[in-house]
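Take a look at the structure set out below.
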Amino acid sequence: GRMLPFFMASVYAWRGDADLAFEWLERAYRQRDPPIVLLQADYAWSQLRSDPRYKALLRKMHFPD
C-alpha cells in the first residue's frame, strides 16, 4: 500500500524528531498528500512551528504564516 507521508510526518513531529518530520512533510508536499492542508491545525506540529522549515513550507504552499 501507499505510504501516508503526512501521517508519518506527524508521527515524527509528535516524537520531536524534526529532521524526519520535515523529510516526510516535504514528501507529503511533493505527492500532494491531501491531509497536508491540515498542517496548521495539527497539534503535533506545535513544537516545530518555530523551525524555519515550517514557515518555508507554508510559504511554498501559499498558506499564511
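Side chains are part of it too, since the values below use all heavy atoms of this structure and drop only hydrogens, waters and symmetry mates. FYI, the numbering just counts along the sequence from 1.
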Query raised in the report: Are the side chain of Q40 and the backbone of L58 linked by a donor-acceptor contact shorter than 3.5 Å?
Result: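 No: the side chain of Q40 does not pair with the backbone of L58.
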Do [X] and [Y] sit in one hydrophobic cluster, given that two such residues count as connected whenever their side-chain heavy atoms are within less than 4.5 Å of each other, even indirectly?
| X | Y | result |
| --- | --- | --- |
| V37 | M8 | no |
| F63 | L57 | yes |
| I36 | L4 | no |
| F6 | M61 | yes |

**Report entry** Listed partners of R15 passing side-chain contact (heavy atoms from CB on, under 4.5 Å), at least two apart
**Finding:**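 Result, side-chain contact (heavy atoms from CB on, under 4.5 Å) vs R15: V11, Y12.
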Query raised in the report: Does CZ in R30 sit with more than 12 non-hydrogen atoms of other residues, nucleotides or ligands closer than 6.0 Å?
Result: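 Counting other residues, nucleotides and ligands, CZ of R30 exceeds 12 neighbours.
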Query raised in the report: Counting heavy atoms not belonging to F7, are there more than 12 under 6.0 Å from its CZ?
Result: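 No.
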**Report entry** Basic-acidic side-chain contact under 4.0 Å: R49, D42
**Finding:**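 Salt bridge between R49 and D42, a charged N being under 4.0 Å from a carboxylate O: no.
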Query raised in the report: Distance from W24 atom CH2 to D19 atom CG, nearest 0.5 Å?
Result: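 Output value for this atom pair is 15.0 Å.
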Query raised in the report: Which of these, L38, L25, D51, sits in a side-chain contact (heavy atoms from CB on, under 4.5 Å) with W45?
Result: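 The single option meeting the side-chain contact (heavy atoms from CB on, under 4.5 Å) with W45 is L25.
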Over all atoms of both residues, closest heavy-atom pair of [X] and [Y]:
| X | Y | value |
| --- | --- | --- |
| A13 | A44 | CB-O, 3.5 Å |
| R53 | A18 | NH2-CB, 3.6 Å |
| W14 | Q47 | O-NE2, 3.6 Å |

